[in-house]
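Naming: A, B, ... by sequence-line order, numbering from 1 per chain.
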Amino acid sequence: MPKQYWLMKSEPDDISFDDVLASKGQTTSWYGVRNYQARNFIRDGMHVGDGVLFYHSSCAVPGIAGIAEIVSAPYPDATQFDPKSPYHDPKATPEQPRWTGIDVKAVHKGRYLDLKELRSHPELEHMRLLAKGSRLSVMPVEPAEWRFIVKLIG
DNA sequence: GCCAACGTTGGC
DNA sequence: GCCAACGTTGGC
């Protein structure tokens with residue numbers, strides 16, 4: 001399985017890249033994805049060792065905050081079973097889970113690439129993130145885009 | 001807070 | 001299966 005690349009959005013007011021860097025093992029459990037397309041990318045596409053662009057959304061300066069890595073297999077997102085969680089799904093059961101989580105480790109923080117800069121590079125004009133109306137919180141990144149962005153981050 | 005774009009729900 | 005109504009995302 002060749003290494004694949006992903007972009008994952010987090011609201012920094014909730015969990016920022018720095019928060020993950022500061023946490024135990026620099027690793028966080030990615031939970032709360034409640035969109036089927038995004039879920040399918042996690043459940044069916046992600047493997048240990050895949051690269052992740054950690055994106056900050058719904059904040060003052062949206063952009064790519066750092067590089068991360070998938071460090072677990074996908075597993076049922078525990079918050080779906082928790083009635084007290086905002087991510088609770090009454091239709092999900094442990095026997096028939098509906099939503100998927102995965103462990104993500106922060107590996108490198110370089111220069112912050114804000115959205116305006118991302119849009120300024122012709123090399124990135126076809127990024128799914130930048131497509132009109134794109135709202136997915138988890139999406140694939142092309143290897144060429146990944147290499148270009150990693151170079152920019154430094 | 002606004003609003004465009006997209007996803008989901010539910011009546012029929 | 002259609003589609004209107006509603007909810008959410010996320011940049012600005």
inquiry  = Ring-plane angle category for A:Y112 and A:H56, please: parallel below 30°, perpendicular beyond 60°, tilted otherwise.
reply    =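 The rings of A:Y112 and A:H56 sit tilted, inter-plane angle from 30° to 60°.
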query = Would you say the side chain of A:R128 lies within less than 4.5 Å of the side chain of A:V141, judging by non-hydrogen atoms?
reply =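 Sidechains of A:R128 and A:V141: no contact.
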task = Indicate if A:L130 and A:Y5 have the same hydrophobic cluster label, given that clusters are the connected sets of ILVMFWY residues with side-chain heavy-atom separations under 4.5 angstrom.
result =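 Both belong to a single hydrophobic cluster.
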request  = Evaluate whether atom CZ of A:F148 has more than 12 neighbouring non-hydrogen atoms of other residues, nucleotides or ligands under 6.0 angstrom away.
outcome  =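 More than 12 heavy atoms, drawn from other residues, nucleotides or ligands, come within 6.0 Å of this atom.
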query = Within a radius of less than 6.0 Å around NE2 of A:H126, do more than 12 heavy atoms belonging to other residues, nucleotides or ligands occur?
reply =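 Open: at most 12 neighbouring heavy atoms sit under 6.0 Å from NE2 of A:H126.
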Polar side chain donor-acceptor pair, [X] to [Y], under 3.5 angstrom:
X      : Y     : result
A:S29  : A:Y75 : yes
A:T79  : A:D82 : no
A:R135 : A:S57 : no

Strictly below 4.0 Å, N to O, side chains only: are [X] and [Y] in salt-bridge contact?
X      : Y      : value
A:K151 : A:E123 : no
A:D50  : A:K3   : no
A:R39  : A:D44  : no

ask   = So what is the end-to-end bend of the helix from B:dG1-C:dC12 to B:dC12-C:dG1, with 5 pairs used at each end and the value given to 10 degrees?
value =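 The angle separating the two end axes equals 10°.
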So which protein nitrogen or oxygen atoms get under 3.5 Å of nucleotides 1-4 of chain C's nitrogens or oxygens?
none

key: Close residues, residues 13-20 of chain A, relative to DNA chain C [heavy-atom separation under 4.0 Å]   =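 Residues of residues 13-20 of chain A under 4.0 Å from DNA chain C: none.
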Positive for side chain to side chain contact (heavy atoms under 4.5 Å, CB included) with A:T28, one of A:L21, A:V71, A:I15 =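 Between A:T28 and the candidates, side chain to side chain contact (heavy atoms under 4.5 Å, CB included) is satisfied uniquely by A:I15.
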request  = Look up atom CH2 in A:W146 and atom CD in A:Q4, then write down how far apart they are to the nearest 0.5 Å.
outcome  =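 Between atom CH2 of A:W146 and atom CD of A:Q4 there are 12.0 Å.
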For nucleotides 9-12 of chain C, tabulate all protein N/O to nucleotide N/O atom pairs closer than 3.5 Å, reporting atom names and distance.
from	atom 1	to	atom 2	distance (Å)
C:dT9	O3'	A:R135	O	3.4
C:dG10	OP1	A:K9	NZ	2.8
C:dG10	OP1	A:R135	O	2.7
C:dG11	OP1	A:Y55	OH	2.9
C:dG11	OP2	A:S58	N	3.0

key: A:Y36: hydrophobic cluster co-members (side-chain, 4.5 Å)   =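 In the cluster with A:Y36 are A:W99.
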query = Tell me, which of residues 88-98 of chain A have any heavy atom that sits under 4.0 Å from an atom in DNA chain B?
reply =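 The stretch gives none, as no residue of it lies under 4.0 Å from the strand.
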